[in-house]
2 protein chains.
Amino acid sequence: MMINPEYAFRTGMESGATLEDVAREAGVSPATVSRCLNNPGIVRPQLKAKVDAAIEKLDYVPHGAARSLASRRSRLIGAIFPSLDSALFGGTLEALQSEIADSGYTPVVASSNYDPEQERNHLRNMLASGIDALMLVGAAREASVYRLIRRRKVPYVLTWVAGTDGTHPCIGFDNRAAAAAVTRHLLDMGHRRFAMISGATANNDRAAGRLAGVQAALEERGLTLDPTRIITRPFGVEEGRAALRLLMAREPRPTAIICGADPFAYGALLECQNLGLAVPDDLSITGFDDMWLSASLPPGLTTLRTPRNEMGTLAGRYMLSVLAGEETLPPRPLDFELIVRGSTGPPSQAA
Amino acid sequence: MMINPEYAFRTGMESGATLEDVAREAGVSPATVSRCLNNPGIVRPQLKAKVDAAIEKLDYVPHGAARSLASRRSRLIGAIFPSLDSALFGGTLEALQSEIADSGYTPVVASSNYDPEQERNHLRNMLASGIDALMLVGAAREASVYRLIRRRKVPYVLTWVAGTDGTHPCIGFDNRAAAAAVTRHLLDMGHRRFAMISGATANNDRAAGRLAGVQAALEERGLTLDPTRIITRPFGVEEGRAALRLLMAREPRPTAIICGADPFAYGALLECQNLGLAVPDDLSITGFDDMWLSASLPPGLTTLRTPRNEMGTLAGRYMLSVLAGEETLPPRPLDFELIVRGSTGPPSQAA
DNA sequence: TCGCTAACTGAAAGCGCTTTCAAACAATAA
DNA sequence: TTATTGTTTGAAAGCGCTTTCAGTTAGCGA
């Protein structure tokens with residue numbers, strides 16, 4: 001068979017040096033060069049030095065696709081988030097990225113915009129591009145999605161949730177328990193009339209869990225959260241603002257408003273200022289996630305600090321460990337922390 | 001401790017149908033299956049149907065690495081951001097991702113933490129993993145980095161900056177002009193005593209450009225920005241707060257403070273409230289980027305809206321176009337928009 | 001010195017897909 | 001009918017790397 005001369009020409013021009021070029025330059029076999037790259041310990045130092053010199057000289061960079069094809073590992077880890085334009089998941093992504101970088105892994109990222117359909121498409125795309133492992137947010141999705149992942153035998157981990165009865169490996173915290181802790185803090189201060197501003201709960205088990213946690217904690221003390229006192233909105237400051245107006249327009253007014261996310265609480269605080277309501281004397285407000293403004297916005301937002309960076313780090317570590325074939329224990333739920341600041345206090349006598 | 005068999009993965013037991021399996025199932029050659037996937041138009045519909053059925057039946061997903069190796073395209077686009085845990089670049093990433101998704105591309109992402117060293121490492125990693133194109137933020141980096149990119153013949157685009165004399169393709173806006181516009185707005189209102197809270201300018205040409213723009217606009221009117229009136233800090237609300245205290249501690253107090261980023265301005269506004277300073281009567285404050293709280297935080301922050309999502313979209317579109325081999329025009333600088341809200345007004349007579 | 005391990009090294013066979021190139025076929029013109 | 005053109009299809013050669021397996025060399029005790 002004749003070698004197409006044009007083809008040979010093109011390879012020579014367009015690509016960088018190949019492993020074979022390095023081998024020739026160093027006077028060893030390609031296999032040895034490969035070993036220098038992947039398992040330097042087993043190559044005689046003297047040879048390794050020659051190879052290193054050749055690599056340096058030719059400015060060789062290994063070809064990822066060829067490597068993946070031969071080794072069956074892409075060194076790519078997929079991560080699909082509901083959204084990326086809040087700082088919330090950005091922290092998790094950044095921590096994940098930084099954890100896996102040292103092992104030569106890089107995250108491939110997509111945002112689903114809280115839409116299961118988009119999530120599924122991105123997942124297909126990622127599986128096709130050969131990710132070695134996968135990180136998702138939350139557990140609530142169709143069984144067929146999990147089947148898809150399992151069929152490809154891709155290790156995966158769910159974040160921002162905990163304990164799905166051992167069905168899935170989770171690196172996260174118990175949203176329900178966390179919301180209950182916030183609620184008990186208010187109950188212990190003497191509050192009895194509650195309202196909640198919640199994120200949309202469809203396809204969002206974090207939001208659903210938080211809502212359930214509030215309801216459960218109230219019921220423990222014989223209270224219930226009237227459905228008309230629950231306002232469900234997409235996340236956002238202005239949404240929180242509008243919700244607060246609605247909630248305070250109806251008598252009897254609540255003495256405490258629990259927000260399912262900090263942006264709601266920022267909006268609520270700002271609207272109180274607007275309406276001339278004193279926080280916490282007229283109204284206590286709590287947030288969720290302890291985002292960057294919570295400490296600064298007067299009077300300081302009582303909120304629940306979620307381990308958003310830690311989840312990225314641990315999810316990365318977990319996946320690396322599974323990929324390394326180590327005996328990996330199912331991770332345990334992470335801790336959360338109630339941060340008490342100025343926005344909560346006992347209800348006033350008048351209220 | 002038992003490992004839950006449901007998710008106890010072992011690496012290396014990956015299976016899945018191959019293109020050859022599909023070909024056998026459909027009774028055609030592998031070449032035909034490949035064509036159905038990549039160029040369906042040239043296959044007889046009748047055959048294509050058989051192939052599609054086989055793909056469906058075997059639940060076939062193409063092997064990305066093999067595909068990349070043979071076609072010399074990875075369908076991966078690299079994106080390196082200075083940071084991901086603010087909403088700033090998250091918007092750009094999300095827009096980029098969504099723009100390229102339809103063409104079957106996925107972004108691989110890294111955060112450099114504003115550190116050139118880290119950026120270079122991520123870049124090496126990405127080049128090795130075979131990205132087809134690359135998006136970076138800003139233009140300020142060592143020439144050797146650009147050489148590395150050029151040697152690999154990877155199309156790239158710089159975002160968040162404009163016009164580097166045509167040296168690099170940029171999708172962004174002119175930070176200097178934008179900052180000048182903010183400054184002129186204040187000058188036109190009658191302000192003469194200025195101060196600035198700026199992000200660190202080392203390795204950050206966006207911050208440097210903004211600072212230069214302020215200085216230039218002042219000099220146009222015969223004013224100068226005293227170096228002691230420039231406070232340089234890492235981005236953050238608390239940093240803005242501290243900076244404001246510093247700036248107002250010295251007589252004569254400025255009547256206008258220009259912030260190089262919104263978080264600084266949030267902190268400054270909050271600290272004014274704290275110090276009992278009236279905005280804008282005692283002090284005008286401006287931000288930069290029009291982030292999510294700027295409209296809500298009283299009295300509303302005058303700020304410069306930067307096209308952060310648009311940059312992601314256009315950068316994606318630009319790279320796709322170059323990859324498609326289309327004649328691609330050097331992109332033009334994008335527009336920015338001064339958003340005037342309550343935080344700026346004429347200086348009071350007393351000041 | 002010889003034999004026997006142990007430690008390296010190299011040859012070669014793929015990994016799963018794309019892409020020539022040429023053959024086969026259908027369609028049209030002569 | 002035959003020549004000619006155009007359209008699909010299949011065979012086969014890689015893409016650049018890893019990894020098995022067998023061969024080579026070095027190290028050491030006897």
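Chain letters run A, B, ... following the sequence lines, proteins first and then strands; every chain starts at 1.
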Under 3.5 Å, is there a donor-acceptor pair between the side chain of B/D132 and the main chain of B/R73? no
Without swapping roles, check the side chain of B/T106 against the backbone of B/I77 for a donor-acceptor pair under 3.5 Å.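 Checked: no pair found.
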Interatomic distance, [X] [atom1] vs [N] [atom2] [rounded to whole Å]:
X	N	atom1	atom2	answer
B/I42	D/dT9	CD1	C1'	9 Å
B/K50	D/dT8	NZ	P	16 Å
B/R72	C/dT18	CZ	P	14 Å
A/L69	D/dG14	CG	P	17 Å
A/K48	C/dC8	NZ	C1'	15 Å
A/R24	C/dG10	CZ	P	14 Å
B/Q46	D/dT7	CD	P	19 Å
B/R67	D/dG14	CZ	C1'	18 Å

Nearest listed nucleotide, side chain of [X], among [options]:
X	options	value
A/H63	C/dG10, D/dG16, C/dT18	D/dG16
B/V28	D/dG10, C/dT19, D/dG16	D/dG10
B/A31	C/dA12, C/dT9, D/dG10	D/dG10
B/S29	C/dT18, D/dA11, C/dC17	D/dA11

May I ask you to verify if any side-chain N or O of B/T32 is less than 4.0 angstrom from the OP1 or OP2 atom of D/dG10?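 For B/T32, the contact criterion (side-chain N or O under 4.0 Å from OP1 or OP2 of D/dG10) is met.
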Please confirm whether the shortest side-chain N or O distance from B/S34 to OP1 or OP2 of C/dT18 is below 4.0 Å. yes
Decide yes or no for A/R75 and B/S129: does some side-chain heavy atom of the first lie under 4.5 Å from some side-chain heavy atom of the second?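 No, every pair of side-chain atoms sits at 4.5 Å or beyond.
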Of B/A66 and A/S71, the one whose nearest nucleotide on DNA chain D sits closer to the 5' end is B/A66
Quiz question: going by heavy-atom distance under 3.5 Å, is there a donor-acceptor pair between the base of C/dG10 and the side chain of A/R35? yes
At 4.0 Å (heavy atoms only), tell me whether A/L47 reaches a base, stays on the sugar-phosphate, or touches nothing.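 Sugar-phosphate, backbone atoms only, no base.
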Is B/V43 touching bases, backbone alone, or none of the nucleic acid, heavy atoms closer than 4.0 Å?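 The answer is sugar-phosphate, as B/V43 gets under 4.0 Å only of primed atoms, P, OP1 or OP2.
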Please work out whether the ring planes of B/Y146 and B/H168 are parallel, tilted or perpendicular, with thresholds of 30° and 60°.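 Judged by the thresholds at 30° and 60°, the geometry between B/Y146 and B/H168 is parallel.
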Is it the case that the side chains of A/S111 and B/Q97 hold a donor-acceptor pair, with the cut-off being a distance below 3.5 Å and no angle test? no
